[in-house]
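What follows is one structure encoded as structure tokens, with my remarks underneath.
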Amino acid sequence: MIIKGLLKFGIAACLLNSSIGFACTKEELAAHNALDEVQKKDVYGFEGSGIPCTSEMKALTAEWKQLNASDGKQRGRARFNRNKFGLFIHWGLYSSLGGVYQGKKMHEGGTGPTIAEWIMRRKEIPRAEYKKLARSFNPQKFDAEEWVAIAKAAGMKYIVMGAKHHEGFAMYKSEVSDFNIFDATPFGRDPLKEVEVAARKAGLDFGVYYSNSLDWSDGGDGGMKDHGPGPGIKPRRAPMPNTWDPAPVSFKHYIYNKSIPQVKELLANYELSQIWFDTPIYIPPEYSMDFYRTVYKANPEILVNARIGNGFGDIGTPGDNVIPDKSSENTWEGIATTNHTWGYSSYDHDWKSAKELLYWLIANVSKGGNFLLNVGPDGEGVIPAESANILRVVGNWLSVNGEAIYDSKPWIIDHEGPSKIDMKGTSYRQDNEVSFDFSDKDFWFTKKSDKIYVIALARPVSNKIKVFSLKSLDIKGIRLLGQTDKLYWKVSDDSVEITLPKIKGQEAGYALEVSL
């Protein structure tokens with residue numbers, strides 16, 4: 001009866017394999033089988049096909065915990081946490097289409113997400129047809145130093161650039177697959193290397209995004225076919241794999257003949273601070289751990305994100321365009337787009353304002369995370385001017401108030417004030433009216449050693465403010481970041497009342513440093 005039930009739920013092979021062992025009790029199996037596929041992800045806290053009660057998962061998790069706690073990982077975490085603000089770059093063959101295929105935009109028919117970098121999946125473009133795009137991909141306006149200068153002007157401390165997205169096309173010179181920008185296009189250069197060199201020259205850390213589990217060109221289906229649920233059970237992510245023109249290889253073949261070998265290339269040829277994996281879906285735990293071991297062996301300080309799968313990451317993420325509800329001192333990173341899409345869209349002009357982006361940065365950092373903000377260069381290699389201009393305004397604010405952001409940690413409270421904004425995903429901002437007209441009573445908080453930072457995104461109506469969360473502190477002094485003007489303050493029954501000088505400049509808000 002147990003085996004019959006396991007077959008029904010598509011997990012018999014995982015639990016009964018002799019190399020895995022059978023460690024789950026009947027009660028644990030019953031609890032597992034009572035969950036639907038989405039609930040499994042939510043309850044276990046990860047995607048992947050691993051089941052926590054199995055001998056395999058217990059052994060792999062113990063190994064991961066040991067490596068994750070190493071001195072090298074702690075050095076990598078310390079550097080990551082100091083940086084706080086980074087530039088995400090989504091750029092590939094999809095950029096040349098700009099979200100339009102055969103005259104139709106992403107939302108005009110198709111299957112799956114409508115974000116521009118998903119055009120191969122959405123429009124079900126055959127693999128051979130898609131590869132033809134490489135013949136004319138020649139981004140002559142690409143300038144690595146200009147990209148890095150934009151990140152630097154924005155106050156960013158690191159860059160994560162796409163090495164390969166789900167389309168399967170490598171944006172670097174790869175010996176593993178000739179479906180890459182150096183060999184398959186008239187461009188014939190390695191932009192990943194050029195950005196890495198420019199970033200290092202500018203003093204910025206450099207990492208890569210690599211879609212390790214999903215590859216529409218070469219057989220990466222996230223383990224859906226071989227390791228997903230049985231017939232009749234709704235999978236957690238149905239529209240992701242290539243089902244219209246699948247590669248004639250197994251998922252295992254893809255992992256060990258393309259994905260891990262390309263990750264080894266990236267580790268050998270580029271100086272990396274992190275690798276951003278993606279879409280684990282049903283990736284087996286031994287595959288996730290093989291990726292983790294590969295990175296660790298190359299350099300223990302290189303961090304990998306949680307989307308390596310099965311709970312084996314170093315960097316958590318609340319989700320695409322999501323700000324979490326609660327603070328955490330764990331290592332994590334919020335990610336967001338400058339408009340609504342990650343790859344370049346020729347028709348998405350709903351750009352986030354500088355104040356909104358500052359809110360995203362401050363909201364993530366005050367909760368203990370980093371913030372990785374995406375731009376999508378076009379097919380010619382140009383970061384849209386709207387993105388670049390907005391980022392410069394953010395950088396101007398950080399040039400004055402950056403002490404409240406970089407190398408900070410969450411305080412006992414992240415925010416006080418009347419504004420309440422939920423950010424729950426890529427479509428949330430589109431589907432809901434969200435206002436960023438903050439009150440002068442809204443304050444966010446960060447800390448460093450014996451200092452608390454109070455951050456505002458609105459100028460005060462008068463020169464007097466009240467900060468209620470500071471009332472019980474033994475305050476030694478308060479200063480306005482970026483200015484030397486003297487501040488006056490006093491403790492009342494319910495708050496600390498602060499008299500501000502005239503705040504110079506035209507940027508949104510200000511920040512105070514409170515010494516204890």
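- Looking at Glu124 and Arg122, no side-chain N of the basic residue comes within less than 4.0 Å of a carboxylate O on the acidic one, giving no salt bridge.
- With Tyr287 as the aromatic partner, Lys252 does not meet the cation-pi criteria of under 6.0 angstrom to the ring centre and within 45 degrees of the ring axis.
- Between Asn68 and Arg77, the side chains place a donor N or O and an acceptor N or O closer than 3.5 Å (distance only, hydrogens not considered).
- Between the CD1 atom in Ile115 and the CG atom in Asn339 there is a gap of 11.0 Å [rounded to 0.5 Å].
- The only member of Phe277, Trp64, Tyr256 that meets ring-ring contact (aromatic ring centres under 6.0 Å, His included) when paired with Phe291 is Phe277.
- Remark: Lys157 NZ to Leu87 CG distance equals 14.0 Å, nearest 0.5 Å.
- The shortest distance between side-chain heavy atoms of Tyr44 and Leu35 falls below 4.5 Å.
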Yes or no on salt bridge (charged side-chain N to carboxylate O under 4.0 Å, His left out) for Asp205 and Arg79, after CA distance, side-chain angles and deciding distance? CA-CA 9 Å; Asp205 283 343; Arg79 179 172 63 184; 3.5 Å; yes
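- The pair Glu63-Arg293 meets the salt-bridge criterion, with a side-chain N (NZ, NE, NH1 or NH2) lying under 4.0 Å from an Asp/Glu carboxylate O.
- To the nearest 0.5 angstrom, Asn330 atom CG is 12.5 Å from Ile315 atom CD1.
- Here Thr61 contributes atom OG1 and Phe46 contributes atom CZ; the two are 7.0 Å apart, rounded to the nearest 0.5 Å.
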The test is side chain to side chain contact (heavy atoms under 4.5 Å, CB included); show your working for Glu37 and Lys234 and say whether it passes. CA-CA 7 Å; Glu37 293 304 298; Lys234 184 179 179 180; over 6 Å; no
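- Across Gly168 and Asp218, no two heavy atoms sit closer than the pair O-OD2, 4.4 Å.
- A distance-only check finds a donor-acceptor pair linking the side chain of Thr446 to the backbone of Ala404 [under 3.5 Å].
- The CD atom of Gln74 lies 10.0 Å from the CG atom of Asn81; values are rounded to the nearest 0.5 Å.
- Contact detail for Ser328 and Pro410: the closest heavy-atom pair is O-CG, 4.1 Å.
- Arg127 and Asp245 are joined by a salt bridge, as a carboxylate oxygen and a charged side-chain nitrogen come within less than 4.0 angstrom of each other.
- Under a cut-off of 6.0 angstrom, the local environment of NZ in Lys131 is crowded, with over 12 non-hydrogen atoms contributed by other residues, nucleotides or ligands.
- For Arg121 and Glu167, the salt-bridge test fails: no basic side-chain N is under 4.0 Å from an acidic carboxylate O.
- Using a 4.5 Å cut-off on side-chain heavy atoms (C-beta onward), Ile323 and Trp360 make contact.
- Although no hydrogens or angles enter the test, the distance criterion places no donor-acceptor pair under 3.5 Å between the side chain of Asn310 and the main chain of Phe312.
- Remark: aromatic rings of Phe445 and Tyr453 are distant, center separation not under 6.0 Å.
- With respect to Arg200 and Glu196, a salt bridge is recorded, a charged nitrogen being found less than 4.0 Å from a carboxylate O.
- Taking the six-membered ring wherever Trp is involved, the centroid distance between the rings of Tyr359 and Phe438 falls below 6.0 Å.
- Ionic pairing of Asp215 and Lys258 is present here: one or more N-O contacts between side-chain nitrogen and carboxylate oxygen are shorter than 4.0 angstrom.
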Should Phe182 and Ser174 be marked as a side chain to side chain contact (heavy atoms under 4.5 Å, CB included) after you check the CA-CA gap, both sets of side-chain angles, and the distance that decides it? CA-CA 8 Å; Phe182 189 91; Ser174 173; over 6 Å; no
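- Annotation for Lys225: atom NZ does not count as buried by contact number, only 12 or fewer foreign heavy atoms lying within 6.0 Å.
- In this model, no donor atom of one side chain and acceptor atom of the other lie less than 3.5 Å apart for Trp444 and Glu416.
- Panel note: side chain Lys264, backbone Val295; no donor-acceptor pair is recorded below 3.5 Å.
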Dump the intermediate steps for side chain to side chain contact (heavy atoms under 4.5 Å, CB included) on Ile125 and Tyr101, then the final yes or no. CA-CA 9 Å; Ile125 305 173; Tyr101 183 66; 3.7 Å; yes
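- Checked for salt-bridge contact, Arg75 and Glu301 meet the test: a charged N lies under 4.0 Å from a carboxylate O.
- Salt-bridge annotation for Asp320 and Arg307: present, with a side-chain N of the basic residue lying under 4.0 Å from a carboxylate O of the acidic one.
- For the 3.5 Å distance criterion, the side chains of Ser70 and Tyr296 qualify, holding a donor opposite an acceptor.
- The cationic atom of Lys193 (NZ for Lys, CZ for Arg) lies less than 6.0 Å from the six-membered ring centre of Tyr270 and within 45° of the ring axis.
- Proximity of a side-chain donor or acceptor of Asn321 to a complementary backbone N or O of Thr337 within less than 3.5 Å is detected.
- Judged by distance alone, the side chain of Ser288 and the main-chain N or O of Ile308 form a donor-acceptor pair under 3.5 Å.
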Using side chain to side chain contact (heavy atoms under 4.5 Å, CB included), reason through Leu267 and Thr294 one step at a time and then give a plain yes or no. CA-CA 9 Å; Leu267 292 165; Thr294 298; 3.8 Å; yes
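- Annotation: Tyr209 is in aromatic contact with His90 [ring centroid separation under 6.0 Å].
- Proximity of a side-chain donor or acceptor of Asn370 to a complementary backbone N or O of Leu372 within less than 3.5 Å is not detected.
- Counted by atom type alone, Thr279 and Ser213 present zero donor-acceptor pairs between their side chains at under 3.5 Å.
- Panel note: side chain Asp348, backbone His340; a donor-acceptor pair is recorded below 3.5 Å.
- In this structure a side-chain-to-backbone donor-acceptor pair under 3.5 Å is missing from Asp178 to Ala184.
- The closest donor-acceptor contact from the side chain of Glu108 to the backbone of Lys105 lies under 3.5 Å.
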Applying salt bridge (charged side-chain N to carboxylate O under 4.0 Å, His left out), run through Asp314 and Lys73 and close with a yes or a no. CA-CA 8 Å; Asp314 305 312; Lys73 287 296 181 187; 2.8 Å; yes
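- Considering CG of Leu93 and CD1 of Ile181, their distance stands at 7.5 Å, rounded to 0.5 Å.
- Between the side chains of Ser419 and Asp442, at least one donor N or O sits under 3.5 Å from an acceptor N or O.
- Partner Trp216 forms a ring-ring contact (aromatic ring centres under 6.0 Å, His included) with one of Tyr130, Phe179, Trp118 and no other, that one being Trp118.
- Judged by distance alone, the side chain of Thr338 and the main-chain N or O of Asn374 form a donor-acceptor pair under 3.5 Å.
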Worked verdict on Tyr94 versus His166 for side chain to side chain donor-acceptor pair (under 3.5 Å): CA-CA 10 Å; Tyr94 52 80; His166 309 326; over 6 Å; no
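- For the pair Lys164 and Phe169, the cation does not sit on the ring face, since its NZ or CZ is not both under 6.0 Å from the ring centre and inside 45° of the axis.
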